[in-house]
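Heavy atoms only: backbone and side chains are in, while hydrogens, waters and symmetry mates are out. Here, residue 1 is the first one in the sequence, and each next residue gets the next number.
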Amino acid sequence: MSDKKLTPAVAACGAALALLAAPATAATAQTATTATGVTQGVERESIKCIRPSRKKTNYSWKDGNSSTTVYFNNHCSHRVYAKLHFKGPVGTRKECLATNGGTSGKKKFRKGLAENLTKITKDC
């Protein structure tokens with residue numbers, strides 16, 4: 001094969017590899033690295049509805065330095081109460097989050113530097 005035919009083929013392969021690598025870098029951009037070098041992603045929990053029985057209230061959060069914002073989407077037709085469990089070096093504490101049926105939004109919770117939201121459970 002001559003050089004004139006080989007150059008476009010090599011360029012096409014390079015462009016294809018660049019496109020394949022792009023989604024991998026976008027996926028890693030969604031996780032954050034803490035000061036200790038540990039990657040920390042978004043965490044999720046769900047609570048089943050009483051009415052309608054096949055629906056859920058979904059929660060997601062990512063711990064920050066001084067606060068944690070909990071995002072919610074209540075697919076239920078009723079108010080749902082969730083218990084948020086924070087764990088730190090001093091011990092554990094609990095907060096309550098009530099969401100009306102058919103709503104979505106976010107709620108910010110203040111916390112200590114070493115505290116983290118570990119889980120969300122049903123009822124307060």
Side-chain angles (χ1 to χ4, degrees):
M1 201 177 231
S2 69
D3 289 336
K4 290 181 183 180
K5 291 182 181 178
L6 188 59
T7 304
V10 171
C13 288
L17 286 174
L19 289 174
L20 289 174
T25 57
T28 56
Q30 293 177 354
T31 60
T33 305
T34 61
T36 58
V38 178
T39 58
Q40 182 180 23
V42 175
E43 298 189 52
R44 301 179 196 288
E45 288 284 345
S46 295
I47 296 176
K48 291 182 181 179
C49 299
I50 297 169
R51 303 179 307 277
S53 60
R54 293 183 307 266
K55 300 283 184 168
K56 296 179 182 177
T57 301
N58 301 310
Y59 302 93
S60 64
W61 72 93
K62 184 174 167 184
D63 287 310
N65 289 331
S66 61
S67 66
T68 298
T69 302
V70 177
Y71 296 88
F72 61 88
N73 191 355
N74 186 345
H75 296 282
C76 305
S77 61
H78 56 85
R79 181 177 279 198
V80 174
Y81 295 93
K83 188 186 300 181
L84 285 66
H85 301 263
F86 288 89
K87 186 174 182 180
V90 179
T92 60
R93 70 177 175 90
K94 296 170 180 77
E95 294 270 348
C96 187
L97 174 62
T99 59
N100 292 325
T103 61
S104 63
K106 62 184 178 179
K107 173 82 169 140
K108 190 176 201 175
F109 293 90
R110 299 279 177 212
K111 65 182 193 80
L113 289 174
E115 266 187 332
N116 287 319
L117 177 57
T118 56
K119 64 182 175 177
I120 297 176
T121 58
K122 187 176 182 176
D123 296 328
C124 299

*CA sep, side-chain torsions, deciding dist, call: Asn100, Asn74, side chain to side chain contact (heavy atoms under 4.5 Å, CB included)*: CA-CA 7 Å; Asn100 292 325; Asn74 186 345; 5.7 Å; no

_Asp63 and Thr68: CA distance, side-chain angles, deciding distance, side chain to side chain donor-acceptor pair (under 3.5 Å) verdict_ = CA-CA 5 Å; Asp63 287 310; Thr68 298; 2.7 Å; yes

*Give the C-alpha distance, both sets of side-chain angles, the deciding distance and a yes or no for side chain to side chain contact (heavy atoms under 4.5 Å, CB included) between Val80 and Tyr59.*
CA-CA 12 Å; Val80 174; Tyr59 302 93; 3.7 Å; yes

*Go through the steps for Glu95 and Arg93 under the test side chain to side chain contact (heavy atoms under 4.5 Å, CB included), then give the verdict.*
CA-CA 7 Å; Glu95 294 270 348; Arg93 70 177 175 90; 2.6 Å; yes

*Where do Lys56 and Ile47 land on the side chain to side chain contact (heavy atoms under 4.5 Å, CB included) test, with the steps shown first?*
CA-CA 5 Å; Lys56 296 179 182 177; Ile47 296 176; over 6 Å; no

List the atom pairs, donor and acceptor, that lie under 3.5 Å between side-chain atoms in residues 104-114 and the rest of the protein, sequence neighbours left out.
unit_1 : atom_1 : unit_2 : atom_2 : d
Lys111 : NZ     : Gly64  : O      : 2.8
Lys111 : NZ     : Glu115 : O      : 2.5

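Pairs engaging residues 64-81 under the salt bridge (Lys or Arg N to Asp or Glu O under 4.0 Å) rule: none recorded [sequence neighbours left out]. Each side chain to side chain donor-acceptor pair (under 3.5 Å) pair with one or both residues in residues 80-91, not counting sequence neighbours, appears once here: His85-Thr121.
When the side chains of ILVMFWY residues are joined at heavy-atom separations under 4.5 Å, either directly or via intervening members, Leu97 and Tyr71 end up in two distinct hydrophobic clusters.
Using modelled atom types and a 3.5 Å distance limit, the side chains of Asn58 and Ser46 yield a donor-acceptor pair.
A heavy-atom distance below 4.5 Å is found between the side chains of Glu45 and Trp61.
Between Ile50 atom CD1 and Ser77 atom OG the span is 9.0 Å, to the nearest 0.5 Å. Expressed to the nearest 0.5 Å, how far CG of Asp123 lies from SG of Cys96 amounts to 9.0 Å. The CD1 atom of Ile120 sits 11.5 Å away from atom CZ of Arg44, with the distance rounded to the nearest 0.5 Å.
Lys62 and Val42 make their closest contact through CD-CG2, 4.3 Å (heavy atoms, listed as atom of the first residue, atom of the second, distance). Among all heavy-atom pairs drawn from Cys49 and Thr57, the shortest one is SG-N, 4.3 Å.
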